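The figures here come from the full heavy-atom set of this structure, side chains too, leaving out hydrogens, waters and symmetry mates. No experiment lies behind these values; they were computed from the predicted model shown.
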Number of protein chains: 2
Amino acid sequence: MSPAAEPVADKPSRREQILAAAAELFARHGFHGVGIDDIGSAVGISGPALYRHFRSKDAMLGEMLTSISEVLLDGGQSRVGAARSPHDTLGDLVRFHVDFALDNPALITVQERNLGNLTDPDRRKVRGLQRRYVELWVEVVRSAVPETEEPTARAQAHAVFGLINSTPHSRHLDRAQMADLLTGMALAALVQ
Amino acid sequence: MSPAAEPVADKPSRREQILAAAAELFARHGFHGVGIDDIGSAVGISGPALYRHFRSKDAMLGEMLTSISEVLLDGGQSRVGAARSPHDTLGDLVRFHVDFALDNPALITVQERNLGNLTDPDRRKVRGLQRRYVELWVEVVRSAVPETEEPTARAQAHAVFGLINSTPHSRHLDRAQMADLLTGMALAALVQ
DNA sequence: CCATCCGGTTAGTCACCGCTAACCCCCTAC
DNA sequence: GTAGGGGGTTAGCGGTGACTAACCGGATGG
């Protein structure tokens, strides 16, 4: 499948370029609202040339979403790995997610809107990664606020994702202010 | 779904039925991912019979989204109309939106995902209604927390919508608990 | 210096989708 | 008892979209 899962990322090339353009388009028009030709011309090549890089349109979405989910899970785990106070860990986790959302609005949008357009195996994979990411949040929330029940913590995590991921829909503050605002709101919502 | 939700209006009929089914499908698969035949068979009729009730597939989405936006705006305005303390008004507004989201998960999902699939005139109309709803929130937030700048309040409103509208993605608490949780989180995020 | 292959091109195929056409009940009002 | 219309049916048309086929230029390494 993936020709090489490179640790060293000295590859800024095509594939990535195509995925970025596709993400932008999927975010704006939805998966089925975007044609192969649209994606092609967005990167300066035209139409079927994409099949030199991806097996299918579904494969593009699949790779896009799995890689997002992996980045989130890895980043989350590394934040939790750094042993600090539960409350600080929660702060780090929130900040990490906020930064990711602010830096990758199109990806975040695609992830929350287009999960249903994945192939069955891809969806299973992405769902699995997302579930583990949520579990991470649940544990961190519950160790920062111990009296929280598990289902409540899960619901809180989803709600906070919704809050943070709303970022693409409002662009009236600059990046730094927005990051602070969202972080503050998320933490307030979690610890009340 | 519930045939007798109506206070007086004894018209639960077709159109509404079709819109409800279409909302469900649009929410799950996206506008372009749903065919005319899918919608038809979801209400027991098949395919082109829908054109006895709507001029086009676009018209279905248009009517769906404008009616949602109108319901939200009207409901919001009536909550604000009842003169109470700024803080109570904010609480009412939050609770109103939470209730709507919990009672209409499919509609909420379609509204936030499929704005981009609207016809240009429809989109303008819906955008206008949404803008007025946001302005309502901005004013209520600013009168409850006067030191808030306007752009900040706008960003907060969007973020809170994201939080509340995340509802369809998590179903592990019952309706009442979920309503209380979301209301509490939203208010905490707003007043900090 | 040539073989190869990587990454592009255009033309074409096939399925599907929105929508129209033509037809067909009932049910109701006169 | 029949006229009419609201709401349903199936067949089919035109357009579009994903993908394949066949071809091609140029860099590269043996």
Roughly, in whole Å, what's the span from [atom1] in [X] to [atom2] in [N]?
{"X": "A:Leu50", "N": "D:dT20", "atom1": "CG", "atom2": "C1'", "result": "14 Å"}
{"X": "B:Asp37", "N": "C:dG18", "atom1": "CG", "atom2": "P", "result": "8 Å"}
{"X": "B:Asp38", "N": "C:dC16", "atom1": "CG", "atom2": "P", "result": "12 Å"}
{"X": "A:Leu25", "N": "D:dG17", "atom1": "CG", "atom2": "C1'", "result": "15 Å"}
{"X": "A:Lys57", "N": "D:dT20", "atom1": "NZ", "atom2": "P", "result": "14 Å"}
{"X": "B:Tyr51", "N": "D:dC13", "atom1": "OH", "atom2": "P", "result": "18 Å"}

Exercise. Is any NZ, NE, NH1 or NH2 atom of the basic residue among B:Arg95 and B:Asp92 found under 4.0 Å from an Asp or Glu carboxylate oxygen of the other?
Worked result: no
Problem set entry | SB check A:Glu150 A:Arg154 (cutoff 4.0 Å) | yes
For this session: Give the ring-plane orientation class for A:Phe161 versus A:His97, where under 30° counts as parallel, over 60° as perpendicular and anything between as tilted.
Result: parallel
Exercise. Any idea how A:Phe100 and A:Phe96 line up, ring-wise: parallel (<30°), tilted (30 to 60°), or perpendicular (>60°)?
Worked result: tilted
Exercise. How close do A:Gly76 and A:Leu136 get, heavy atom to heavy atom, and via which atoms?
Worked result: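 Where A:Gly76 meets A:Leu136 most closely, the heavy atoms are C-CD2, 3.3 Å.
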Exercise. Taking all atoms of both residues into account, what is the closest heavy-atom pair of A:Gly33 and A:Asp38, and its distance?
Worked result: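 Taking every non-hydrogen atom into account, O-OD2, 4.4 Å.
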Problem set entry | side chain to side chain donor-acceptor pair (under 3.5 Å) contacts in which one or both residues fall within residues 66-75 of chain A, not counting sequence neighbours | A:Ser69-A:Gln111
Exercise. Any side-chain heavy atom of B:Met185 within less than 4.5 Å of one from A:Val160?
Worked result: yes
Exercise. Can you give one letter per nucleotide of nucleotides 3-12 of chain D, 5' to 3': B if a protein heavy atom sits under 4.0 Å from the base, S if only from the sugar-phosphate, - if neither?
Worked result: ----BBBBB-
Problem set entry | Interface with DNA chain D, restricted to residues 27-36 of chain A and to heavy atoms under 4.0 Å | A:Val34, A:Gly35, A:Ile36
